[in-house]
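Single-structure report; data block below.
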Protein chains: 2
Amino acid sequence: MLSLTEENYLKAIYHLSEGGSKAVLTNALAEAMSTKAASVTDMIKKLSAKEVITYEKYYGVNVTAKGKSEALMVIRKHRLWETFLVDKLGFAWDEVHEVAEQLEHISSPRLIEKLDEFLGYPKVDPHGDPIPDSKGKIKVQPLIPIDQLPVGFHGKVAAVKDSDSNLLKYLDKIGARPGIKIKVLGKEEYDESMEILINDHRVFISKAVSQNILVVG
Amino acid sequence: MLSLTEENYLKAIYHLSEGGSKAVLTNALAEAMSTKAASVTDMIKKLSAKEVITYEKYYGVNVTAKGKSEALMVIRKHRLWETFLVDKLGFAWDEVHEVAEQLEHISSPRLIEKLDEFLGYPKVDPHGDPIPDSKGKIKVQPLIPIDQLPVGFHGKVAAVKDSDSNLLKYLDKIGARPGIKIKVLGKEEYDESMEILINDHRVFISKAVSQNILVVG
DNA sequence: ACTATTTTTTAGGTAAGTCTAAAAAATATA
DNA sequence: TATATTTTTTAGACTTACCTAAAAAATAGT
């Protein structure tokens with residue numbers, strides 16, 4: 001059993017390691033958790049005692065198979081709750097993150113299976129992020145931010161990157177939601193802004209925005 | 001802001017004081033919280049510093065208006081979540097208590113208003129307990145356990161008392177759910193067991209059970 | 001290669017919530 | 001009313017998760 005704080009650390013480690021595939025440094029984790037390196041070192045010791053990570057002094061942290069599966073369960077809960085909040089309770093997608101951060105720590109396997117069923121076994125959350133299934137299996141699709149696409153490309157928005165509320169409000173306003181058709185109309189060399197066609201509307205967007213709109217690669 | 005533990009203490013105090021109307025003793029609270037009297041004394045100091053209770057040494061604890069309103073919000077959340085679990089996710093009524101104990105601490109006023117709306121503004125939870133409205137207003141109905149009723153009485157089950165899973169399973173089996181018609185057929189002086197008509201079935205129940213079936217007084 | 005800088009760890013301390021053991025106050029009993 | 005018993009509080013200690021300051025290890029610069 002992990003405490004709430006331990007779960008949050010593990011989730012952050014998992015995300016920073018890009019799904020458990022690379023080592024995470026103490027300072028990077030301190031930054032991600034908005035805490036101090038000394039606190040991170042303490043917590044790292046606890047988490048490796050619980051065998052969810054391996055730890056080599058002055059080198060970094062790696063997620064174990066057990067840790068990966070625990071992290072994926074937390075992510076599964078987070079994304080199912082986000083889907084519930086948007087699909088069933090009518091929340092806007094920029095309002096769900098903080099609440100889901102709380103709900104993801106509710107411990108009841110039965111609850112999460114029932115919720116999954118109630119939602120119709122969704123594959124992705126409202127931001128387009130994949131939802132791990134009950135075994136922790138996650139469908140990884142290579143996603144590309146549209147700032148890297150050539151003029152003329154057309155496809156569908158698969159996901160959006162950041163969970164910042166202001167960005168999400170803006171993306172929602174221009175219609176850049178998962179599933180919506182998108183076409184690259186033009187790119188400006190100078191500031192890397194671009195013109196896109198979305199929902200039959202021409203929109204100019206800055207690079208800061210285009211980096212956060214993802215399509216299937 | 002109250003911590004999770006503080007919320008649990010306050011809720012227990014509120015229940016033990018029967019809605020804030022009488023003083024609660026240290027030992028009674030220790031018993032209710034499955035902890036020691038010394039821990040209770042510590043917590044009492046914190047809660048009175050936060051002005052949700054008043055405290056007189058060696059006398060007991062009283063809930064303030066502020067404390068009552070906070071306690072009612074926790075109870076509101078608990079009962080709305082129980083309703084959600086039963087009505088929407090298909091939980092049995094004996095399975096919801098522990099999960100609702102966790103969910104009641106999620107802090108998001110917007111979430112709870114949306115949930116209330118989604119559930120259709122229910123007045124009572126699956127056990128027949130009244131759900132406080134968004135202002136903390138609660139509909140109090142005088143309820144009487146059927147062991148105190150005379151032979152011949154008929155009416156409807158309004159609520160069930162205990163949240164013990166085994167009792168609830170048994171009540172469910174004999175059909176003693178809120179809203180169901182009930183009639184007292186006979187009472188046995190010796191052990192205070194009784195025969196009742198419920199759902200057109202004759203059932204013999206012990207006093208331990210009949211005390212937990214409540215009708216409107 | 002040796003010093004300077006950065007990163008990480010250790011050492012020691014705080015607050016919340018718990019505990020046990022002992023003291024103090026209130027209540028019950030003779 | 002004086003003593004015994006029960007209840008409550010205080011005192012001191014433990015754990016978790018955090019902190020600051022200082023030491024140790026790793027990395028970078030010349």
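- By the 4.0 Å N-to-carboxylate-O rule, A/Lys50 lies close enough to A/Glu6 to be salt-bridged with it.
- Whole-Å rounding puts the A/Asp42 CG to D/dT20 C1' distance at 13 Å.
- You'll find the side chain of B/Thr83 reaches within 4.5 Å of the side chain of B/Pro126, heavy atoms only.
- Heavy atoms of B/Tyr59 sit nowhere under 4.0 angstrom from any nucleic acid atom.
- When rounded to the nearest whole Å, the span between CE of A/Met43 and P of D/dT16 equals 10 Å.
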Full working for side-chain hydrogen bond (donor to acceptor under 3.5 Å, both in side chains) between B/Asp125 and B/His78 = CA-CA 9 Å; B/Asp125 75 10; B/His78 184 101; over 6 Å; no

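- B/Arg76 pairs in a salt bridge (charged side-chain N to carboxylate O under 4.0 Å, His left out) with only one of the listed residues (B/Asp116, B/Asp129, B/Asp133), which is B/Asp116.
- As a whole-Å value, the separation of A/Leu4 CG from D/dC18 P is 10 Å.
- An OP1 or OP2 oxygen of D/dC19 is reached within less than 4.0 angstrom by a side-chain nitrogen or oxygen of A/Thr35.
- A sub-4.0 Å separation between OP1 or OP2 of D/dT15 and a side-chain N or O of A/Lys46 is absent.
- Rounded to an integer number of Å, the gap from NZ of B/Lys36 to C1' of D/dA13 is 15 Å.
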Mind running side chain to side chain contact (heavy atoms under 4.5 Å, CB included) on A/Ile112 and A/Trp81 for me, showing each step along the way?
-> CA-CA 9 Å; A/Ile112 221 63; A/Trp81 280 117; 3.9 Å; yes

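- Scanning both residues, B/Thr26 and B/Ala37, for their nearest heavy atoms gives CG2-O, 3.8 Å.
- In this structure, NZ of A/Lys57 is placed 15 Å from P of D/dT27, rounded to the nearest angstrom.
- Heavy atoms of A/Ser39 sit under 4.0 angstrom from at least one base atom.
- Of all nucleotides in DNA chain C, those with any atom nearer than 4.0 Å to a heavy atom of chain B start and finish, going 5' to 3', at C/dA16 to C/dA26.
- Base engagement by B/Thr41 is indicated by at least one non-hydrogen atom pair under 4.0 Å involving a base atom.
- Atom CE of A/Met33 and atom P of D/dC18 are 7 Å apart (whole Å).
- Between A/Met1 atom CE and D/dT16 atom P there is a gap of 15 Å when expressed in whole angstrom units.
- Two residues, A/Ala37 and B/Ala38, neighbour DNA chain C, and the one matched to the more 5' nucleotide by heavy-atom proximity is A/Ala37.
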